[in-house]
S.K.: 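Right, I'll just put the structure down here and ask away after.
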Amino acid sequence: MTPGAVQQSGLSLRFAGAAKSYGDVEALKPTDLTIAAGEFLTLLGPSGSGKTTLLNLAAGYQEPSAGRIFIGARDVTHLPARHRNIGMVFQNYALFPHMSVVDNVAYGLKVRRLARSEIARRVEAVLRLVHLEGYGQRGVQQLSGGQQQRVALARALVIEPDVLLMDEPLGALDKQLRRSVQLELRRLHEEHRRTTIYVTHDQEEALVLSDRVAVMRDGRIEQVGSAGDLYDRPVNAFVAGFIGESNLLPARVTAIAGGQAQAEVDVLGRSLTAAVAPGLQPGQPAALLIRPEHVLVGEEPGVTAEVAEIVYLGELTALNLRLESGATLWARRITSHDLRRGTRVTIGWKQEHARIVPT
Amino acid sequence: MARYRVETACLLAPAVLFLLLLFVVPLARLFSLAFTDEGGVFATFGVLAESEVYRRVMLNTFVVALAVTLITVLLAWPVAYALSRLKGFWFALALYGVLFPFWISVLVRTFSWMILLERNGPINRLLQGLGVTDQPLALLFNDTGVMIGMVHVLLPYAIMPLYAAMARVDRRLLLASDGLGAGLLDTFARVYFPLVLPGLLGGATFVFLLSLGFFITPALLGGANAITLSMLIASFVTDRLAWSLAAAGSLVLLLVVLALLAVAARLLPLDKGMFAR
Ligand SMILES: Nc1ncnc2c1ncn2[C@@H]1O[C@H](COP(=O)(O)OP(=O)(O)OP(=O)(O)O)[C@@H](O)[C@H]1O
Ligand SMILES: [Mg+2]
């Protein structure tokens with residue numbers, strides 16, 4: 001391998017109208033999604049939104065109630081998990097409690113009946129990869145949470161899976177450890193470019209790790225895109241609220257033309273034009289989205305507001321601004337001490353930073 | 001610290017005293033009888049060692065106990081597995097099915113078996129009716145009868161620990177094994193069985209020890225043809241009034257059991273995994 005060349009391992013994964021219901025509960029509505037070979041996709045969404053269900057369908061732990069699933073060109077819809085060559089990292093790791101670290105990691109190779117020397121070589125290499133050299137003989141119950149997480153990862157990686165699936169693997173770790181393991185995961189992905197689906201609750205984690213993020217709600221993927229796409233061009237208020245902070249003011253769309261909407265925003269007492277999310281129809285419930293860092297304080301001419309609350313966040317300060325209509329907005333700016341509670345200010349924003357989204 | 005120790009001692013005292021007075025003291029008294037023969041301190045043990053009957057009975061008792069343990073565990077496995085997979089009403093029903101016999105005295109259950117296993121009892125009539133056999137089978141007053149009765153009484157003691165171990169097996173471990181490419185046999189042999197093993201061994205040990213000392217069931221179902229150690233010890237007392245022999249026989253049994261337990265604890269992972277989450 002030439003230095004710097006990126007080794008690409010893994011196959012693409014495709015859901016074609018795949019759905020799963022349990023009785024009346026539609027855990028996953030019919031879903032089309034393609035994860036390219038070598039891509040890192042994060043599933044982000046609230047509890048019960050169907051993230052684990054999607055992962056289980058990919059892994060083969062459950063069969064879809066409709067639709068098909070492909071790994072590479074192969075239709076795996078009805079293929080049991082053991083024939084799919086996937087690596088799964090469970091939320092609670094699911095390490096075999098009666099085995100040592102080495103035996104856990106070697107498991108997938110032993111059941112493939114590889115030669116003992118080959119197993120030893122690969123286990124040693126993968127333990128080095130996750131920085132667990134010297135821990136091989138320990139029982140897995142004698143490890144810290146972060147170490148167990150890395151054993152689970154090593155166990156999944158050692159079989160050289162076509163697709164790597166991780167279900168909230170860092171859920172049990174404290175914030176500091178999460179941060180360092182996140183960076184580790186990113187390094188591993190950059191080295192090996194293995195097709196990966198990663199489930200998390202944590203938007204920051206999603207942004208740090210992934211090529212693309214899929215935001216899920218109620219068993220449906222609301223939007224898939226790069227972190228920048230989701231942040232700058234959310235398709236609806238839910239996605240906007242889930243990625244980053246947002247101000248959402250109720251708006252009435254009166255006309256749409258050329259990707260711009262004309263909208264009445266009653267709480268501002270005015271009508272304005274802004275970019276609009278695709279698919280929105282006039283008359284549909286909608287909101288004006290402005291990110292707090294885009295709210296400019298002291299802008300003339302502007303909307304008058306009163307500082308209701310000041311929250312210092314270190315280098316940034318969050319301001320809660322009450323409009324004359326009683327509605328409130330958050331603004332963020334570099335900390336300065338010229339404002340205090342009750343100060344009257346005028347606020348505004350650049351037109352390109354406002355967006356109309358369906359609610 | 002010292003205060004806690006006093007409190008702990010006070011709290012433990014009633015239980016310790018109770019056990020001491022009602023269990024340890026009588027046992028020590030019984031065993032001391034073993035050394036009171038007029039022929040010398042260890043004379044009774046000499047008598048036992050030379051007795052052909054005693055040796056045969058001892059051997060037979062262990063063989064029967066082993067066979068009973070094996071059969072019980074084999075029968076307990078599917079029941080425990082079913083229990084571990086059932087939910088709600090069906091689980092409750094099955095659990096009561098397993099525990100129900102505890103509400104009926106062993107004596108009553110044993111007498112019921114006598115009626116069922118009789119020469120002209122329902123089981124023999126059924127077998128003959130089905131043409132399985134033309135002669136009535138000898139099911140009573142031999143080792144077969146003893147084993148049938150003992151397996152029936154001891155089954156719950158094997159099912160419960162086994163069920164507990166099976167219920168504790170995390171389903172995700174089986175999924176993990178499956179996802180790593182293991183076939184059903186590999187998953188069973190490498191993950192499920194090792195995790196259930198402590199419960200299996202616990203149950204088996206329980207059944208084995210209980211069947212070594214079983215009295216009522218072998219006495220009624222085995223009779224004079226299938227004498228076990230407990231029956232022999234009882235007959236030392238009731239027929240021959242040889243208290244020292246009975247005490248020596250009991251002591252030997254206890255020592256053998258303790259030795260077996262020590263070996264088992266050494267060899268088998270009795271505690272490993274049993275308390276692990
Ligand atoms: N075995 C099941 N039987 C019935 N309903 C189920 C089952 N598994 C999941 N569900 C339902 O399907 C929906 C999606 O569940 P899923 O586990 O995929 O959510 P999730 O996004 O992983 O949530 P979390 O973040 O809490 O793990 C939920 O409403 C859940 O109650
Ligand atoms: Mg989940």
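This structure is a prediction, so every number in the text was calculated from the model and none was measured.
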S.K.: Taking all heavy atoms of B:Ala182 and all of A:Arg82, pick out the closest pair and write down the distance.
M.R.: O-CD, 3.2 Å
S.K.: I need the B:Asp178 CG to A:His83 NE2 distance, nearest 0.5 Å.
M.R.: 8.5 Å
S.K.: Just checking A:Phe40: does its CZ atom have more than 12 heavy atoms from other residues, nucleotides or ligands closer to it than 6.0 angstrom?
M.R.: yes
S.K.: Sort A:Phe96 into side chain, backbone, both or neither according to what part of it lies under 4.5 angstrom from a heavy atom of chain B.
M.R.: both
S.K.: In Å and rounded to the nearest 0.5 Å, what is the CZ to CG distance from A:Phe90 to B:Leu173?
M.R.: 8.5 Å
S.K.: Can you tell me if B:Leu17 has over 12 outside heavy atoms packed within less than 6.0 Å of its CG?
M.R.: yes
S.K.: Would the number of heavy atoms belonging to other residues, nucleotides or ligands and lying under 6.0 Å from OH of B:Tyr96 be above 12?
M.R.: no
S.K.: Nearest heavy-atom pair of A:Ala94 and B:Ala176: which atoms, and what distance?
M.R.: O-CB, 4.1 Å
S.K.: Side chain, backbone, both or neither: which part of A:Ile159 has a heavy atom under 4.5 Å from chain B?
M.R.: side chain
S.K.: Stepwise, does the salt bridge (Lys or Arg N to Asp or Glu O under 4.0 Å) test hold for B:Asp186 with A:Arg113?
M.R.: CA-CA 11 Å; B:Asp186 265 321; A:Arg113 307 284 185 260; 3.0 Å; yes
S.K.: Output the distance between atom CZ (B:Arg172) and atom CD (A:Gln91), rounded to the nearest 0.5 Å.
M.R.: 8.0 Å
S.K.: For B:Leu180, is there any backbone N or O sitting under 3.5 Å from a side-chain donor or acceptor partner on A:Arg112?
M.R.: yes
S.K.: Using a 6.0 Å cut-off, check whether atom CZ of B:Phe206 has over 12 heavy atoms from anything other than its own residue.
M.R.: no
S.K.: If you compare all heavy atoms of A:Tyr61 against all heavy atoms of B:Leu175, which two are closest, and at what distance to 0.1 Å?
M.R.: OH-O, 2.8 Å
S.K.: So does B:Tyr192 have more than 12 non-hydrogen atoms from other groups sitting under 6.0 Å from OH?
M.R.: yes
S.K.: Identify the two heavy atoms, one from B:Arg190 and one from A:His98, that lie closest to each other, and give their separation to 0.1 Å.
M.R.: O-NE2, 2.8 Å
S.K.: For atom CZ of B:Phe102, is the number of surrounding heavy atoms from other residues, nucleotides or ligands below 6.0 Å larger than 12?
M.R.: yes
S.K.: Quick one: does B:Leu195's side chain get under 4.5 Å of A:Pro97's, heavy atoms only?
M.R.: yes
S.K.: Side-chain contact, heavy-atom cut-off 4.5 Å: B:Asp170 with A:Asn92?
M.R.: yes
